[in-house]
Amino acid sequence: MRSRHCEGSCVQTVVRRPVAGRPRVTTPAEDRYIAVVAKRNQRSTSTRVTSMVTAAIGKTISATTVRRRLHMNGLYARVPRICVPLSVQSRGARLKWCCLHVNWTVSDCGSDYVHR
C-alpha cells in the first residue's frame with residue numbers, strides 16, 4: 001500500500017501495478033468459486049465445471065482456463081471414472097471361468113497369451 005498525505009489526513013490507496021501479457025479473465029473471487037464447484041462435484045469433468053461456473057457467474061470461461069485455475073489450487077485430472085457394474089450373470093460366468101483356469105500356466109494359454 002502507498003500512503004498519500006492530503007491536507008493533514010492520511011489516505012491509503014491500493015495501487016494495482018500493470019503486468020505484461022493478456023489480462024486475466026477471472027477475478028480472484030471467481031477463481032475461488034471454480035475451486036469450490038470442483039470440490040463439491042468431484043466426479044465432474046473440467047468442461048462440466050466450466051458450464052456450472054458460467055451459468056453461476058454469467059461470464060464465458062473456457063475449459064482450459066478452468067483447468068489452469070484448478071491446477072493453481074492443487075486439483076488435477078478432472079476425468080470421471082465410470083465403471084459399469086457387472087450383472088449377476090456376468091459375475092457368475094466370470095467366477096466360473098476363473099475357477100476352471102485357476103491352475104493354468106503361461107504355456108497352457110497358448111500363442112494368444114501375451115506376457116508383459
Can you list the residues that meet the side chain to side chain contact (heavy atoms under 4.5 Å, CB included) rule with Thr64, with sequence neighbours excluded? Ser62, Arg67, Arg68
Of the non-hydrogen atoms in Leu75 and Ala38, which two are nearest, and what is the gap between them? CD1-CB, 4.1 Å
Closest approach of Val25 to Ile61 (non-hydrogen atoms, all atoms of both residues): CG1-CG1, 4.5 Å
Please determine whether side chain to side chain contact (heavy atoms under 4.5 Å, CB included) holds for the pair Tyr33 and Val53, giving the CA-CA distance in whole Å, both sets of side-chain angles, and the decisive distance to 0.1 Å. CA-CA 8 Å; Tyr33 182 71; Val53 170; 4.2 Å; yes
Relative to each other, are the rings of His101 and Trp97 parallel, tilted or perpendicular (30° and 60° limits)? parallel
Any donor-acceptor pair under 3.5 Å linking the side-chain atoms of Ser87 with those of Ser90? yes
Determine whether Gln89 and Arg94 satisfy the following criterion, side chain to side chain contact (heavy atoms under 4.5 Å, CB included), listing intermediate values before the conclusion. CA-CA 9 Å; Gln89 292 84 11; Arg94 186 178 284 192; over 6 Å; no
Heavy-atom pair of closest approach, residues Leu70 and Ala35: CD2-CA, 4.1 Å
Could you list the residues that satisfy salt bridge (Lys or Arg N to Asp or Glu O under 4.0 Å) with Lys59, not counting sequence neighbours? Glu30
Heavy atoms only: give me the nearest Ser46-Val66 pair and the separation to one decimal. O-CG1, 4.1 Å
Regarding Thr45 and Arg48, do their side chains bring together a donor and an acceptor under 3.5 Å, going by distance alone? no
Looking at CG of Asp31 and CG of Asn73, how far apart are the two atoms once the value is rounded to the nearest 0.5 Å? 7.5 Å
Roughly how far apart are Arg32 CZ and Met72 CE, rounded to 0.5 Å? 12.0 Å
